[in-house]
Amino acid sequence: MSVAVRVIPCLDVAAGRVVKGVNFQNLRDQGDPVELARKYFEQGADELTFLDVTATVDDRSTTYDVVQATAEQVFIPLTVGGGVRSAEDVARLLGSGADKIGVNSAAIARPELIADIADRFGAQVLVLSLDVKRSAATPSGFVVTTHGGRTETELDALDWARRAIELGAGELLVNSIDADGTKEGFDLELIREMRAISSVPVIASGGAGAVADFAPAIEAGADAVLAASVFHSGELTIGDVKEALAQAGREVRS
């Protein structure tokens, strides 16, 4: 039995507002996160991802009140990331209504955090968020970044994904910084490379601009597709994407 493709809107939040830029730069206000979450839930989103994109940069925790207010409006899985540094942070977010937790910068600084979270809450709770750039400096040609894409590490993206899965990551959220906000399509090579090394679900993120962009990401190996700009602007609805996926022969939830 095939598993339905998940369509996931992403709410990048800064200072309590949804924002979006291009290549993680020049962030623009897109609206209220609670209102947008409710709209996407009503449109038929399978999950929601809430990323506090300045929490790590500002060295603070995720805004728990916004998470709680969002969780009270939607009844689909909610993944929250940004500023998560400890298992205690995870416990508090789960208590605020999150279903899954995304980790990135803190896990790179302290990889044992992945095992701590997985051991305490289960791998199904843990999403490794990978903000990836193309780079000639790594064997795979892809490098991991931190702090909202501002800081480039020396980690090969595929090597880091493998290690994180071994430590207990239950899902990979693979965001192409090069494609982010460009609306020129997902980085299919990156998706294929991640699928080849991953034993856990892969979420493709970065670059969606038209309904025709989503099916190729699934063909490349993604289990779910995530987008922000095209949903926030109203250019596409969740229904538009699901209809296109269904027409391409992919199973989707009605």
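Any value given below was found using the heavy atoms of this structure, including those in side chains, with hydrogens, waters and symmetry copies removed.
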Among residues at least two apart in sequence or on other chains, which ones pass ring-ring contact (aromatic ring centres under 6.0 Å, His included) with Phe121?
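None.
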
Non-neighbouring partners of Phe214 that pass ring-ring contact (aromatic ring centres under 6.0 Å, His included), sequence neighbours left out
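Phe186.
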
Is a salt bridge present between Arg162 and Asp159, judged by a nitrogen-to-oxygen distance below 4.0 Å?
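Yes.
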
For a 4.5 angstrom cut-off between non-hydrogen side-chain atoms, does [X] reach [Y]?
X: Leu172; Y: Ile203; result: no
X: Gln73; Y: Phe41; result: no
X: Val7; Y: Phe231; result: yes
X: Phe50; Y: Val67; result: yes
X: Ile76; Y: Tyr40; result: no

Any sub-3.5 Å donor-acceptor pair from [X]'s side-chain atoms to [Y]'s backbone N or O?
X: Arg195; Y: Gly221; answer: yes
X: His232; Y: Leu36; answer: no
X: Asp178; Y: Arg134; answer: yes
X: Asp187; Y: Ser176; answer: no

Pair up each side-chain donor or acceptor in residues 236-243 with any protein partner under 3.5 Å, not counting sequence neighbours, and list the distances.
| from | atom 1 | to | atom 2 | distance (Å) |
| --- | --- | --- | --- | --- |
| Thr237 | OG1 | Gly239 | N | 3.4 |
| Thr237 | OG1 | Asp240 | N | 3.0 |
| Thr237 | OG1 | Asp240 | OD1 | 3.4 |
| Thr237 | OG1 | Asp240 | OD2 | 3.2 |
| Asp240 | OD2 | Thr237 | N | 2.9 |
| Lys242 | NZ | Gly44 | O | 2.8 |
| Lys242 | NZ | Asp46 | OD1 | 3.0 |
| Lys242 | NZ | Asp46 | OD2 | 3.4 |
| Lys242 | NZ | Arg253 | O | 2.9 |
| Glu243 | OE2 | Gln247 | NE2 | 3.4 |

Nearest 0.5 Å please: distance from the CZ atom of Arg92 over to the CD atom of Gln68.
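Answer for the CZ-CD pair, Arg92 versus Gln68, is 10.0 Å.
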
How far does CD1 of Ile101 sit from CG of Leu126, to the nearest 0.5 angstrom?
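Rounded to the nearest 0.5 Å, the CD1-CG separation comes to 9.0 Å.
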
Check step by step if side-chain contact (heavy atoms from CB on, under 4.5 Å) holds for Thr153 and Val143.
CA-CA 7 Å; Thr153 72; Val143 67; 4.1 Å; yes

Is there any ring pair (Phe, Tyr, Trp, His ring centres under 6.0 Å) pair reaching into residues 149-178, and which pairs are they, with sequence neighbours excluded?
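Of all non-adjacent pairs touching residues 149-178, none passes ring pair (Phe, Tyr, Trp, His ring centres under 6.0 Å).
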
Passes side-chain contact (heavy atoms from CB on, under 4.5 Å), Asp223 versus Val5? Steps please.
CA-CA 6 Å; Asp223 300 277; Val5 173; over 6 Å; no

Scan for side-chain hydrogen bond (donor to acceptor under 3.5 Å, both in side chains) pairs involving residues 198-217, sequence neighbours excluded, and state none if there are none.
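Qualifying pairs: Asn175-Ser205.
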
Would one find more than 12 heavy atoms of other residues, nucleotides or ligands at under 6.0 Å from atom CD of Glu154?
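Result for CD/Glu154: open.
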
After noting the C-alpha distance and the side-chain angles of Glu88 and Arg120, does the key distance pass the salt bridge (charged side-chain N to carboxylate O under 4.0 Å, His left out) rule?
CA-CA 10 Å; Glu88 288 68 34; Arg120 183 166 168 182; 3.4 Å; yes

From Leu190, Leu158, Val132, residue fulfilling side chain to side chain contact (heavy atoms under 4.5 Å, CB included) relative to Ser140:
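Running side chain to side chain contact (heavy atoms under 4.5 Å, CB included) over Leu190, Leu158, Val132 with Ser140 returns exactly one hit, Leu158.
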
Asp131-Thr145 side chain donor-acceptor pair, cut-off 3.5 Å
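The criterion, which ignores hydrogens and geometry beyond distance, is not satisfied for Thr145 and Asp131.
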
Applying side-chain contact (heavy atoms from CB on, under 4.5 Å) to Asp12 and Asp52, what does each step give before you reach the verdict?
CA-CA 6 Å; Asp12 292 327; Asp52 192 323; over 6 Å; no

Would you please name every residue forming a side-chain contact (heavy atoms from CB on, under 4.5 Å) with Glu47, sequence neighbours left out?
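Scan of Glu47 (side-chain contact (heavy atoms from CB on, under 4.5 Å), adjacent residues dropped) gives Arg6, Ile8, Pro77, Thr79, Lys100.
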
